[in-house]
Amino acid sequence: MPATVIVGAQWGDEGKGKIVDLLAQESDLVCRYQGGPNAGHTIVVDGETYKIRQIPSGIVAGKPSAIGAGCVVDPAVLISELDELEARGHATEGLVFVSGNTHLVMPWHVALDGARERRLGRLQIGTTRRGIGPAYADKATRIGIRVQDLLDPKILRQKLELAVAEKNVWLERVYGLDSFEVEGVVATHLEYASRLGPYVADTSLLVDRALRAGRRVLFEGAQGTLLDLDHGTYPFVTSSSPIAAGAAVSFGIGPNRIDEVVGVTKAYVTRVGEGPFPSEIEGPEHDRVREAGREFGTVTGRERRCGWLDLVALRFAVRVNGITSLALTKLDVLSDLPRIPVCVRYRLPDGGETDEFPAHQSDFHHCRPVFEELPGWESEIGDALPELARRYVAFVSDALDVPVTLVGTGAGREAVLALT
Ligand code: IMP
């Protein structure tokens, strides 16, 4: 299909990278539509490992790759990714495109992200501390600095002077942190400007032309549905729009241009950071699943919280994203279990039960999971799904009324089964 969005259907870390890699092979343009260096993505190609946070992974396969206006970029991180790719023999100029409207993550955003989390103490969100929230906040307040500001030294200086003056007050007086010195910041950003200038592009036009020419465009979301600023488990969310509609907003195309939405979900659930998590596993099985799934964050190294598959949350993801098919990743992680609980409903504080995601935060915070147990297949998954694994997949697909078309069965890039 010409325009496909890949969206995380849970709280991020669903294994989108692998599905994106797979679909990128058949795409003509790969587009990242939100988030910034809070995402992490490890790709292994021909024995070489690439850790990419901002550039769509399609670049490793030599695919044109675009970063949309709905993203934020940390210029230092972006430059280090470009340098690394080039050092390893990958062309980037003429292949990497960054929207001029994309906002920059500035060094004070990183400092403020950490300082706010420290101040919140036990009420903290558990951010990646990469400056994401403060960068999007400045965008919304209309005092952010955009990629295109780098192209005009006069405007750049003016904006940096204003920003430094304001942020220094916060840093020094509110948080007792070191301030920034404007000339140093200007000099660094003029250097960034000369390195990044050739990559700045009109990414809306780029995508529009590609679609008009019948090319296949893949939109890659970061994080996941339940971390969406508007529709996720606020305030324990990220500051952008991971849901599929975010792709149209970020790239400035009409929502009717999107043909397919592939939701990526693990065969269980993980969550990093704070916030309610109804199907979180209790007891020793928690650590067993974490070890089997190697559930430690790519960006922060933090341990991920693990839960049983939550069909209530997935049904919500299907709805808010318009998911047309599902990729179920890491099914092999469940291979040893004799019985596999699946959360099919929530019991609400008033005693009622629901299979729809609660619209009110208090209901979600206080609901309890209702599990159904499915028999495990207790064998390795090879080239075909064991019968009971097939039943597990069919249970998910029937409950959500969406086909599961891809199943992840191991760590390697090739360990994906296509189901018909
Ligand atoms: P932020 O995006 O750094 O502001 O973090 C906000 C919330 O989103 C925190 O709970 C993070 O743990 C979570 N988060 C951000 N990026 C990712 C990701 O790539 N995977 C999983 N969780 C993430």
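It should be emphasised that the depicted structure is a prediction, and the values quoted were computed from it without experimental measurement. For ligands, and for the atoms within them, numbers begin at 1 and follow the listed sequence.
Between K266 and E295, at least one side-chain nitrogen of the basic residue sits less than 4.0 Å from a carboxylate oxygen of the acidic one, meeting the salt-bridge criterion. The pair K167-D138 meets the salt-bridge criterion, with a side-chain N (NZ, NE, NH1 or NH2) lying under 4.0 Å from an Asp/Glu carboxylate O.
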task: Using the side chain to side chain contact (heavy atoms under 4.5 Å, CB included) rule, take Y192 and L104 through it: C-alpha gap first, then chi angles, then the decisive distance, then the call.
output: CA-CA 11 Å; Y192 292 159; L104 296 180; over 6 Å; no

task: Check the pair D13, R304 against salt bridge (Lys or Arg N to Asp or Glu O under 4.0 Å), reporting the backbone distance first and the verdict last.
output: CA-CA 9 Å; D13 308 316; R304 297 178 183 145; 3.3 Å; yes

task: Please step through side-chain hydrogen bond (donor to acceptor under 3.5 Å, both in side chains) for the pair Q223 and N38, ending with a clear verdict.
output: CA-CA 8 Å; Q223 289 84 45; N38 49 346; 3.2 Å; yes

query: After noting the C-alpha distance and the side-chain angles of Y199 and F97, does the key distance pass the ring pair (Phe, Tyr, Trp, His ring centres under 6.0 Å) rule?
result: CA-CA 5 Å; Y199 300 95; F97 305 94; 8.6 Å; no

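Here is the list of ligand 1 atoms found below 4.0 Å of a heavy atom in V237: 6 (C), 7 (C). Interface atoms of ligand 1 facing W11, defined by a heavy-atom separation under 4.0 Å, are 21 (C), 22 (N). Proximity to I125 (heavy-atom distance under 4.0 Å) selects the following atoms of ligand 1: 10 (O). Ligand-side atoms of ligand 1 in range of A39: 19 (O), range being under 4.0 angstrom from any heavy atom.
On a distance-only criterion, E274 and ligand 1 share no N/O pair closer than 3.5 Å. Polar contact check, V272 against ligand 1: a nitrogen or oxygen pair lies under 3.5 Å apart. Looking at S239 next to ligand 1, no N or O pair under 3.5 Å apart turns up. Backbone and side-chain nitrogen or oxygen atoms of T127 are examined, and none is located within less than 3.5 angstrom of a nitrogen or oxygen of ligand 1. Checked by distance only, ligand 1 and D113 stay at 3.5 Å or farther apart across all their nitrogen or oxygen atoms.
When the shell of 6.0 Å around CD of E282 is examined, it contains 12 or fewer heavy atoms from other residues, nucleotides or ligands.
Between the choices G133, G126, G273, the shortest heavy-atom distance to atom 11 (C) of ligand 1 belongs to G126.
Nearest protein heavy-atom neighbour of atom 21 (C) of ligand 1: D13 OD2, 3.0 Å.
Both tests do not hold together for R32 against F219: distance to the six-membered ring centre under 6.0 Å, angle to the ring axis within 45°.
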